[in-house]
Amino acid sequence: MSELADEYRLEYFEEEGFTRKECPTCGNHFWTRDETRETCGEPPCEEYDFIGNPGFDEEYSLEEMREAFLSFFEDHDHDRIDPYPVAANRWRDDVLLTQASIYDFQPLVTSGETPPPANPLTVSQPCIRMQDIDNVGKTGRHTMAFEMMAHHAFNAREDADAEYAYEGEVYWKDRTVELCDTLLEEMGADIADVTYIEDPWVGGGNAGPAIEVIYKGLELATLVFMCMEQDPDGEYELKDGNTYSYMDTYVVDTGYGLERWTWMSQGTPTVYEAIYPEMIDFLKDNAGIDHTEEEADLVARAARLSGNLDIDDVDDVEAARDDIADQLGVSTAELRDLVEPLEDVYAIADHCRTLAYMLGDGIVPSNVGTGYLARMVLRRTKRLCDNVGVDAPLDELVDMQAERLGYENRDTVRDIVRTEVEKYRETLERGGRRVESLAEEYAEKGEPIPRAELIELYDSHGIQPDMVEEIAAEAGADVDVPDDFYSLVADRHDTSEAVEEMTEDEDARFGDLPETEKLYYDDQQRTQFEAVVLDVFEREEGYDVVLDQTMFYPEGGGQPADTGTLSTDDTTVEVTDVQIEDDVILHRTDEDPGKGEFVNGQVDAARRRQLMRHHTATHVVIHAAREVLGDHVRQAGAQKGVDSSRIDLRHYERLTRTDIKEIERVANEIVMENTAVTQEWPDRHEAEAEHGFDLYQGGIPPGEQIRLIHVDEDVQACGGTHVARTGDIGSIKVLSTERVQDGVERITFAAGGAALEATQDKEDALYEAADILDVSPPAVPETAERFFEEWKDRGKRIEDLKEQLAEARAGGGGDASEVELDGTTAVVDRIDADMDELRATANAISEDGKIAVIGSGLSGAQFVVSVPDGVGVNAGEVVGELAAKVGGGGGGPPDFAQGGGPDVEALDDALEDAPAVLQNVLNA
RNA sequence: GGGCUCGUAGAUCAGAGGUAGAUCACUCCCUUGGCAUGGGAGAGGCCCCGGGUUCAAAUCCCGGCGAGUCCA
């Protein structure tokens with residue numbers, strides 16, 4: 001780290017009379033104004049010094065602190081920007097949740113590709129860190145949901161070779177520290193007590209010097225100076241073992257924990273009491289937690305002690321509890337009884353805030369992605385509520401936080417929570433029954449429930465081991481929960497799968513070619529154009545033709561490529577596929593049109609028109625779905641086609657027939673309104689500011705300018721081709737829906753001619769069915785039901801008759817031959833009937849005390865042998881021998897067996913041999 | 001995106017190649033002055049759908065549909 005030591009010699013530190021020291025306990029270097037200071041000030045080197053002794057002049061609520069921070073930076077020439085959603089996958093596809101304010105600007109702004117929305121800027125960014133989930137409530141300072149307040153400045157080196165979206169230096173390390181220092185001073189902090197610890201930062205492929213800001217034992221901020229990137233040839237080796245080198249861009253990335261600043265201003269025992277006191281009060285009240293003054297005092301002292309310890313995971317908390325109890329002079333059990341319900345309450349408040357953020361930002365619970373994370377948090381919260389005895393409905397609790405956070409879609413959020421809680425209740429019920437029967441089974445055997453069952457219960461049925469323990473205890477069964485339970489589960493998910501990285505061979509061939517001019521954006525209705533063939537590349541099959549300009553749309557955004565022809569005076573070649581690589585459009589053709597030729601391009605107009613209809617229709621359908629189902633609905637994927645298209649929507653319930661009809665109605669209304677479909681190329685940040693991230697339904701495009709498509713009130717970032725007016729779509733018909741994942745519904749629909757065709761096909765099916773039933777189409781359902789009922793009735797009647805027939809047969813008559821066999825009569829008969837009838841007949845005969853050997857040649861040769869009680873003939877063996885004679889096999893229990901074979905010809909002979917076979921078996 | 005589990009009577013579930021089962025609910029009868037209850041009888045199944053293997057598939061294999069769950 002010494003490599004970066006020089007980075008910390010700031011003029012600001014010098015001017016302000018700071019000295020650099022090394023902490024004798026942890027060895028970290030830090031800067032302080034206080035020459036007498038020894039340690040770095042951060043736990044465990046020092047204790048919290050603000051609990052009951054706030055470090056700022058005034059007490060601030062969460063909202064007040066946020067405002068104080070943002071306006072301070074506004075006063076110091078920063079632009080305040082609105083926070084981004086917590087669902088980071090709304091604008092980037094490499095992460096799920098927003099975990100820091102800098103996420104808002106990655107990767108395009110930090111790399112210098114696009115400019116920041118303002119420079120410098122300040123923001124208070126809601127974040128969610130799931131990693132800390134186990135610590136929440138227990139350590140007094142961990143929260144899963146938090147706001148990272150920040151000021152950012154984006155700088156680019158003056159001497160940089162490449163062009164960046166921002167240039168020059170806004171400010172760098174000195175000014176950053178100065179701003180932080182000034183803010184602390186203005187808040188009334190004793191700045192002599194503030195330490196700045198050197199702590200180089202590495203993460204996500206970037207690195208740089210960083211400073212932790214510690215005050216009264218609490219880390220209030222981290223100032224990161226991102227200026228290096230991972231580089232195999234880099235000259236700096238940092239703590240992750242990789243080498244790094246300096247970048248052309250360098251970014252001030254700060255993080256001030258809103259919750260911690262609020263806490264510091266209040267000096268409450270835990271952070272939770274500082275940030276949502278009303279909710280904590282409500283929950284305590286609801287759970288019936290009521291402490292005497294003495295107990296409250298004990299809790300406060302315990303909180304302070306646990307805060308002072310270096311606790312980074314729950315195991316430590318448990319271990320530390322003995323210590324703390326000891327120091328307080330109470331028993332560990334006593335302390336636990338007092339503190340644990342509080343810990344649950346704290347966690348519930350935090351989790352509800354997390355859920356409010358997630359669901360408020362449109363995350364729909366699911367078994368995948370962010371939806372799964374939301375589901376996990378929700379279930380955990382529900383368990384905590386049940387555990388501590390909070391009986392207020394969860395949707396109400398989440399709503400309390402959603403209201404605080406100012407979400408407008410609170411009804412939807414509540415609806416989602418209710419649906420999810422109900423789903424969870426069902427899962428628990430199902431699981432409970434499962435565990436009960438399992439527990440009884442093992443209790444009877446006197447064995448503990450084995451691990452394999454336990455893992456199975458969790459992995460396949462979502463039942464936590466502690467729940468198994470609880471239920472098993474009631475049934476009197478033991479459970480062996482291994483300590484490493486969750487890693488055993490992980491082992492079950494074989495991780496050995498080879499990650500097959502599809503390494504498309506990087507085509508360097510096109511590097512020198514100019515960007516192909518995209519005519520299809522100029523006039524989306526035209527299909528004919530002229531161009532010059534710039535180059536032709538031979539492929540395994542066919543050619544890649546590069547033109548100077550083209551009307552052919554390359555595959556992208558879920559829209560398939562155009563097809564068509566390229567013609568010269570001499571020849572016409574077929575374009576079968578079109579791809580784009582680094583702005584160069586490749587026309588895959590069957591023949592070589594000739595480099596340097598002038599070509600006349602003709603796009604298959606009918607196909608393109610259908611694709612355009614479907615593309616615009618996709619926008620219309622998603623807009624209609626949002627109108628019908630709610631604003632949380634988002635596109636999870638789409639594929640356009642010629643005959644039909646499909647769109648995947650995030651929604652928390654199955655789509656009903658009513659939903660679909662309504663979506664169809666709204667969609668077709670938009671079609672009938674025949675409004676213009678328009679495109680524009682606004683600046684990215686302006687577009688985001690005006691329309692929000694709902695723009696990115698179909699993915700996140702790169703670049704400074706993005707293309708927006710307006711269809712009615714719907715606005716989406718989109719690179720596809722569209723019809724000119726919604727009326728050009730013709731009509732939209734939903735063909736089918738399916739649930740592609742939990743929380744993701746796929747709608748397949750057709751537009752234009754395809755919609756008509758699809759409707760006609762479906763009608764044909766109905767007409768045909770009506771024709772077969774010889775009724776009119778509207779009468780089909782009723783008639784079908786009647787037929788089905790009658791069919792079932794007849795089946796039963798036939799069953800019945802077969803029984804009667806069998807009894808009649810057994811009563812004698814027919815041409816059955818009877819043989820005497822050691823005191824028992826055996827009946828051998830051939831009745832060409834199905835297995836059911838054979839069985840019934842054989843049963844009827846053996847009920848009369850006779851052995852039955854019945855054969856049938858109806859489908860193959862089949863036998864049934866039935867032996868009455870107390871007769872020592874093994875039916876299975878008899879059938880086995882008989883079946884062998886017809887080239888097959890058979891078997892069954894000793895009193896009733898079935899068998900057969902393909903050789904019908906040999907059936908009669910086999911039956912003739914039956915008495916001998918019976919004799920053999922009897923003698924055996 | 002991947003793994004795993006499950007689809008059988010109205011409900012909850014057994015059955016794991018060889019005759020489709022239990023419990024509750026339902027209908028009727030008996031016990032009772034009536035109710036709780038108790039006793040008995042009965043009705044109710046395209047064993048999710050489609051292929052395959054087999055003499056024989058609810059059962060085994062493949063595919064589809066539906067549901068659940070764990071992980072990234």
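Hydrogens, waters and symmetry mates play no part in the numbers below; they use all other heavy atoms, side chains included. Throughout, protein chains are lettered first and strands after them, A, B, ... in sequence-line order, and every chain is numbered starting at 1. Computed from a predicted model, the values in this text were never measured in an experiment.
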Which whole number of Å gives the distance between the P atom of B:rC28 and that of B:rG64?
48 Å

Heavy atoms only, 4.0 Å cut-off, all strands: where does A:Val864 land among base, sugar-phosphate and nothing?
nothing

Considering residues, nucleotides and ligands other than A:Arg654, do more than 12 of their heavy atoms fall under 6.0 Å from its CZ?
yes

Could you tell me how far apart A:Glu420 (CD) and B:rU69 (C1') are, to the nearest whole angstrom?
13 Å

Could you check whether any side-chain N or O of A:Asp361 sits under 3.5 Å from a backbone N or O of A:Val86, counting only pairs where one atom can act as donor and the other as acceptor?
yes

With a 3.5 Å distance limit and no angle check, can you tell me whether A:Thr370 reaches the backbone of A:Leu96 through a side-chain donor-acceptor pair?
no

Does the side chain of A:Lys796 get closer than 4.0 angstrom to OP1 or OP2 of B:rG44 through an N or O atom?
yes

A:Met835/A:Val864 under side chain to side chain contact (heavy atoms under 4.5 Å, CB included): CA gap, chis, key distance, verdict
CA-CA 8 Å; A:Met835 231 359 168; A:Val864 171; 3.8 Å; yes

C1' atom, B:rA25 versus B:rU31: distance in rounded Å?
22 Å

d(CG, A:Leu97; C1', B:rA72) in whole Å:
13 Å

Does a sphere of radius 6.0 Å around CD in A:Glu768 hold more than 12 heavy atoms from other residues, nucleotides or ligands, not counting ones at 6.0 Å or beyond?
no

Which residue is it: A:Val468, A:Asp466, A:Ile471? I am looking for the one with a side chain to side chain contact (heavy atoms under 4.5 Å, CB included) to A:Val479.
A:Val468

Whole-angstrom distance between B:rU32 and B:rG39, as gauged at atom C1':
13 Å

Can you pull out the residues from residues 733-740 of chain A that lie within a 4.0 Å heavy-atom distance of RNA chain B?
A:Glu738, A:Arg739

Does any residue of residues 855-863 of chain A have a heavy atom under 4.0 Å from RNA chain B, and if so, which ones, in number order?
none

Whole-Å distance separating the CD1 atom of A:Ile455 from the C1' atom of B:rC70:
12 Å

How far apart are the closest heavy atoms of A:Leu918 and A:Ala826, and which atoms are they?
CD1-CB, 3.7 Å

What class does the angle between the rings of A:Tyr458 and A:Tyr486 fall in, given that below 30° is parallel, 30 to 60° is tilted and above 60° is perpendicular?
perpendicular

Using a heavy-atom distance cut-off of less than 4.0 Å, which residues of residues 784-795 of chain A contact RNA chain B?
A:Phe788, A:Trp791, A:Lys792

Give the rounded distance in Å between these two atoms: CE of A:Met467 and C1' of B:rC70.
16 Å

Which label fits A:Trp791 and A:Phe788: parallel for a plane angle under 30°, tilted from 30 to 60°, or perpendicular past 60°?
parallel

Keeping the roles fixed (side chain from A:Arg92, backbone from A:Tyr103), state whether a donor-acceptor pair exists under 3.5 Å.
yes

Check the surroundings of atom CG in A:Asp793: do more than 12 heavy atoms from other residues, nucleotides or ligands lie under 6.0 Å from it?
yes

Check: A:Asp848 side chain, A:Lys850 main-chain N or O, donor-acceptor pair, under 3.5 Å:
no

Distance between the C1' atoms of B:rG51 and B:rC13, in whole angstroms?
29 Å

Whole-Å distance between B:rC4 C1' and A:Tyr458 OH?
13 Å

note: A:Arg654, atom CZ; B:rC65, atom C1'; distance rounded to Å ~ 10 Å

Taking A:Asp659 for its side chain and A:Thr656 for its backbone only, find out whether a donor-acceptor pair lies under 3.5 Å.
yes

Is it true that a side-chain atom of A:Asn874 and a backbone atom of A:Glu877 form a donor plus acceptor pair closer than 3.5 Å?
yes

Interatomic distance where CG belongs to A:Leu457 and C1' belongs to B:rG3 [whole Å]:
17 Å

Write down the distance separating the P atoms in B:rG15 and B:rG7, rounded off to the nearest Å.
10 Å

Which is true for A:Gly876 with a 4.0 Å heavy-atom rule: it touches a base, it touches only sugar-phosphate, or it touches nothing?
nothing

Using the P atoms only, state how far B:rC29 lies from B:rC49, rounded to an integer number of Å.
37 Å

Could you tell me how far B:rG45 sits from B:rG10 if I compare only their C1' atoms? Round to whole Å.
12 Å

Show me, pair by pair, the donor-acceptor contacts under 3.5 angstrom made by side chains of residues 893-914 of chain A, not counting sequence neighbours?
{"from": "A:Asp903", "atom 1": "OD1", "to": "A:Glu905", "atom 2": "N", "distance (Å)": "3.3"}
{"from": "A:Asp908", "atom 1": "OD1", "to": "A:Arg830", "atom 2": "NH1", "distance (Å)": "3.2"}
{"from": "A:Asp908", "atom 1": "OD2", "to": "A:Arg830", "atom 2": "NH1", "distance (Å)": "3.3"}

Output row for RNA chain B, stems defined as at least 3 consecutive Watson-Crick or G-U pairs under 3.5 Å, is B:1-7 with B:65-71, B:10-13 with B:21-24, B:26-30 with B:38-42, B:48-52 with B:60-64

Please confirm whether the backbone N or O of A:Cys127 pairs with a side-chain atom of A:Thr98, one donor and one acceptor, at under 3.5 Å?
no

Footprint string (nucleotides 5-26 of chain B, 5' to 3'): B base within contact, S backbone only, - free, heavy atoms under 4.0 Å
S------SS----BBS------

Please state the P separation for the pair B:rU23 and B:rA14 - nearest whole angstrom.
16 Å

Rounded to whole Å, the CG-C1' distance (A:Leu655 to B:rG66) equals 15 Å

Quick one: CZ on A:Arg634 to NE2 on A:His651, what's the gap to the nearest 0.5 Å?
13.5 Å

Can you tell me how the ring of A:Tyr652 sits relative to the ring of A:His632, calling it parallel under 30°, perpendicular over 60° and tilted otherwise?
tilted

